[in-house]
Structures are given as structure tokens and as C-alpha cells.
Peer 1: 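Could you have a look at this structure, given as C-alpha cells, before my questions?
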Amino acid sequence: MSVKNEILSILEKNQNTAISGQDMANQLGVTRAAVWKGINSLKSQGYTITATTNKGYVLSSHSDVLTTTGIRDFLGEKYKNTNIEILDTVDSTNTYAKNLALKKAPHHTIISAMEQTAARGRQGRSFFSPKDTGIYMSLILRPQESLDKALLLTVAAAVGVSQAIEEATNISPQIKWVNDIFFNGKKVGGILTEAISDFESKSLEAVIIGIGINLKTQNQDFPPELQPIATSLLIPQLTRNQLIGTIATNIFDLTENLNPDSLIAAYKKRSLVLGKEITFQKNGTTHHATVLDINEKGNLVVKTCKGTEILQSGEITLGSENYCNAPRD
């Protein structure tokens with residue numbers, strides 16, 4: 001690691017606390033002039049660093065520049081050597097990650113971008129991804145799992161994202177089946193899981209987990225159609241590096257040894273839909289139901305006017321009313 005990156009690591013670990021140039025020089029075994037040179041280099045990259053006489057250098061909590069060093073500082077110890085790529089602008093981190101996976105990118109690769117120009121959500125929807133205001137990341141996993149475990153990987157991702165937000169903030173997000181993250185009744189993030197599979201062996205060659213989280217977007221800055229339904233975390237001291245590193249660590253831990261019992265329990269604890277009335281589409285028809293449970297495979301168990309049904313995939317809408325008085329489906 002370069003002196004500049006080592007200085008950044010020290011400052012990020014002591015954000016809003018003054019660290020003297022001499023202390024950093026002693027820790028790194030370099031001269032104060034080398035520290036001064038590294039500080040100026042970081043400032044030129046956009047970091048807000050102030051110098052106070054007789055106290056030292058302070059990295060402002062408002063400094064939020066994506067760096068591999070910053071992300072690595074928040075990764076679990078066993079993931080410190082994880083491959084990380086940071087992009088300025090990309091059409092979609094998932095598209096980029098899929099291409100990397102096809103080129104044999106390693107297990108646990110992290111891709112993050114400052115901005116996405118054509119971010120993809122489920123069912124072909126776009127995901128609003130303005131520059132420097134959100135988490136736009138994808139993970140490449142090479143799990144030793146069969147195709148029938150693919151939904152559990154999405155469940156693990158939703159739990160991992162929720163846990164990371166809980167750890168980094170005082171916010172307790174909820175999960176709208178199967179992969180939307182909600183806060184205060186509005187969507188704050190989404191997850192798109194895509195598999196590269198071997199159909200002959202029915203095994204997963206790679207899984208791409210794309211994650212988008214609104215971090216700093218003010219309500220008035222969302223497109224008008226999103227303002228009633230979208231929100232942001234808006235935690236000033238929370239950096240993108242911290243949240244990306246924490247999310248990746250939690251998802252890596254959860255997916256290394258998929259434990260359906262504990263995973264589904266954690267998912268259900270955060271569920272936004274259990275006991276709620278919903279609508280869903282099937283064979284071109286709108287159906288009305290009440291959510292009864294989430295089973296061991298991550299499927300939604302619902303009750304319609306015709307009986308119990310299992311939803312393995314698809315889109316649900318909350319808030320249907322008088323579902324048993326709706327036309328028979």
C-alpha cells in the first residue's frame with residue numbers, strides 16, 4: 001500500500017479527529033514531509049482535509065470519495081484481500097460484473113461505481129443512480145450451490161443489506177419480498193440477482209448480486225414519479241466506503257454457508273409483507289391474497305379466495321383491499 005493510501009486509512013479510521021503529522025509519520029515509518037505530500041495528494045483527489053495548528057489533520061465526515069482502501073478498511077478480516085474495482089461511470093455495475101465473471105473474475109469480487117447511466121432493476125425497470133449520491137455496487141460470487149438455491153442467495157443478499165444498514169445506522173429497514181429494501185414506508189434500495197449457470201450440471205458458475213441504495217438524494221431531487229415512493233438514508237456521517245464494505249462482508253458471510261433456517265428467520269423478522277394484503281399477477285390476471293408465511297426456500301405462501309398458493313417469483317403489490325370480495329381468480 002502506498003504512503004498516501006496508508007495516510008487515508010489512518011484518517012478514515014479517525015474521521016473528525018485530529019491526527020498529527022508526526023504521529024502518522026511515526027506509525028508509517030516515514031518523514032513528516034512524506035505525510036505532507038500524501039495529504040496534498042488526497043486533497044487533490046477531492047478529500048476534505050483540514051490542518052489545525054498543534055493538533056494535526058482532520059478528515060471531514062463529509063468527505064465521501066470511493067476508494068479501494070476505504071472499502072477494504074470496512075471488510076471483515078478474512079476478506080481484506082478481496083478484488084475491488086471502482087468505476088467513475090458505468091452503464092450498470094451488474095452488466096459490468098457479468099462480463100468480468102465470464103472472464104473468470106474471482107469469487108468475492110466487488111464492483112462499485114460513482115454513477116450508473118443505465119442501471120437495471122427487476123423486470124426491466126431502471127434504477128435512479130445519480131452521481132455520488134448512492135451505493136451502486138455488484139458482487140461476484142462463485143458459490144458451490146445448485147440452481148435451486150438461487151432464491152436463497154437473493155434472500156441472503158436482502159438480509160445482508162438490511163443488517164449492514166442496521167449496523168451502520170440507527171435505522172431498521174424492512175424487506176418487501178423478494179428483494180426491495182424499505183424505510184418509513186418508502187423504497188430505499190433494491191437488489192438484482194443474476195445467475196450464470198451450467199444447465200447440464202444444474203450448477204451455478206457465478207452469481208451477480210447488484211445492490212442500489214439511495215444514500216444522499218433529497219426527496220426533491222428524485223424524478224417526480226419517484227418522490228411519493230422513494231427515500232434515502234440521509235445519514236451525514238455514513239460514507240459509501242463504510243456501507244459498501246459492511247454490506248459485502250455480511251453478504252459474503254451469509255452466502256459462504258447457506259443456513260436456510262437462520263436465514264429465513266432473519267428475513268421474516270424484517271419482512272414488510274407478512275400478514276399483509278397484496279396483489280400479484282399470474283397468467284395476465286390480477287390476483288388478491290393475504291401473505292401467510294415465507295417458506296424454507298424463500299417462497300411466499302399466500303392465501304387467496306381459492307386456497308393456499310406458493311409464489312416462487314414475480315412482483316407483488318401491497319395494499320389490496322377486500323381481497324375476498326374480489327372477482328374469483
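Here, residue 1 is the first one in the sequence, and each next residue gets the next number.
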Peer 1: For a side-chain hydrogen bond (donor to acceptor under 3.5 Å, both in side chains) check, start with the C-alpha distance between Asp91 and Gln116, then their side-chain angles and the critical distance, and finish with the verdict.
Peer 2: CA-CA 5 Å; Asp91 53 355; Gln116 295 182 113; over 6 Å; no
Peer 1: Under 4.5 Å between side-chain heavy atoms, counting indirect links through other Ile/Leu/Val/Met/Phe/Trp/Tyr residues: same cluster for Val161 and Leu234 or not?
Peer 2: no
Peer 1: Does Lys297 have any salt bridge (charged side-chain N to carboxylate O under 4.0 Å, His left out) partners at least two apart in sequence or in another chain, and if so, which?
Peer 2: none
Peer 1: Distance from Ile175 atom CD1 to Asp180 atom CG, nearest 0.5 Å?
Peer 2: 10.0 Å
Peer 1: Which value, rounded to the nearest 0.5 Å, describes the distance between Ser9 atom OG and Arg72 atom CZ?
Peer 2: 11.0 Å
Peer 1: Any side-chain donor-acceptor pair under 3.5 Å between Thr93 and Ser138?
Peer 2: yes
Peer 1: Measuring from Thr193:OG1 to Ile208:CD1, what's the distance to the nearest 0.5 Å?
Peer 2: 10.0 Å
Peer 1: If the condition is side chain to side chain contact (heavy atoms under 4.5 Å, CB included), which residues does Thr231 pass it with, not counting sequence neighbours?
Peer 2: Phe183, Lys186, Val188
Peer 1: With respect to Ser232, which candidate in Leu215, Ile213, Asn214 satisfies the side-chain contact (heavy atoms from CB on, under 4.5 Å) definition?
Peer 2: Asn214
Peer 1: So which heavy atom on Val155 is nearest to which on Gly298, and how close?
Peer 2: CG2-CA, 4.2 Å
Peer 1: Return each pair, listed once, that meets side chain to side chain donor-acceptor pair (under 3.5 Å) where at least one residue sits in residues 23-42; pairs must be two or more places apart or across chains.
Peer 2: Ser20-Asp23, Gln22-Asn26
Peer 1: What I want to check is whether the side chains of Thr89 and Glu115 have a donor and an acceptor closer together than 3.5 Å.
Peer 2: yes
Peer 1: For Thr133, enumerate each residue passing the side chain to side chain contact (heavy atoms under 4.5 Å, CB included) test, keeping only those at least two apart in sequence or located in another chain.
Peer 2: Pro130, Tyr136, Lys216, Thr217
Peer 1: Considering the options Thr249, Thr246, Asn250, which one meets the side chain to side chain donor-acceptor pair (under 3.5 Å) requirement together with Glu167?
Peer 2: Asn250
Peer 1: Carefully, step by step, assess Ile110 and Asn83 under the rule side-chain contact (heavy atoms from CB on, under 4.5 Å).
Peer 2: CA-CA 6 Å; Ile110 301 171; Asn83 182 47; over 6 Å; no
Peer 1: Check this for me: does any side-chain nitrogen of one of Glu309 and Lys303 sit under 4.0 Å from a carboxylate oxygen of the other?
Peer 2: no
Peer 1: Aromatic rings Phe252 and Tyr79: how do their planes relate, parallel, tilted or perpendicular, breaks at 30° and 60°?
Peer 2: perpendicular
Peer 1: Residues two or more places apart in sequence or in another chain: which of them pass ring pair (Phe, Tyr, Trp, His ring centres under 6.0 Å) with His107?
Peer 2: none
Peer 1: Let me check something: do Ile111 and Val207 share a hydrophobic cluster, defined by ILVMFWY side-chain heavy atoms less than 4.5 Å apart, either directly or through other members?
Peer 2: no
Peer 1: To the nearest 0.5 Å, tell me how far Leu238 CG sits from Asp64 CG.
Peer 2: 8.0 Å
Peer 1: If we count only N and O atoms by modelled type, under 3.5 Å, do the side chains of Ser197 and Glu205 hold a donor and an acceptor together?
Peer 2: no
Peer 1: Who are the side chain to side chain contact (heavy atoms under 4.5 Å, CB included) partners of Lys78, not counting sequence neighbours?
Peer 2: Asp253
Peer 1: Per the side-chain contact (heavy atoms from CB on, under 4.5 Å) rule, which among Thr17, Val58, Ile39 passes with Leu11?
Peer 2: Ile39
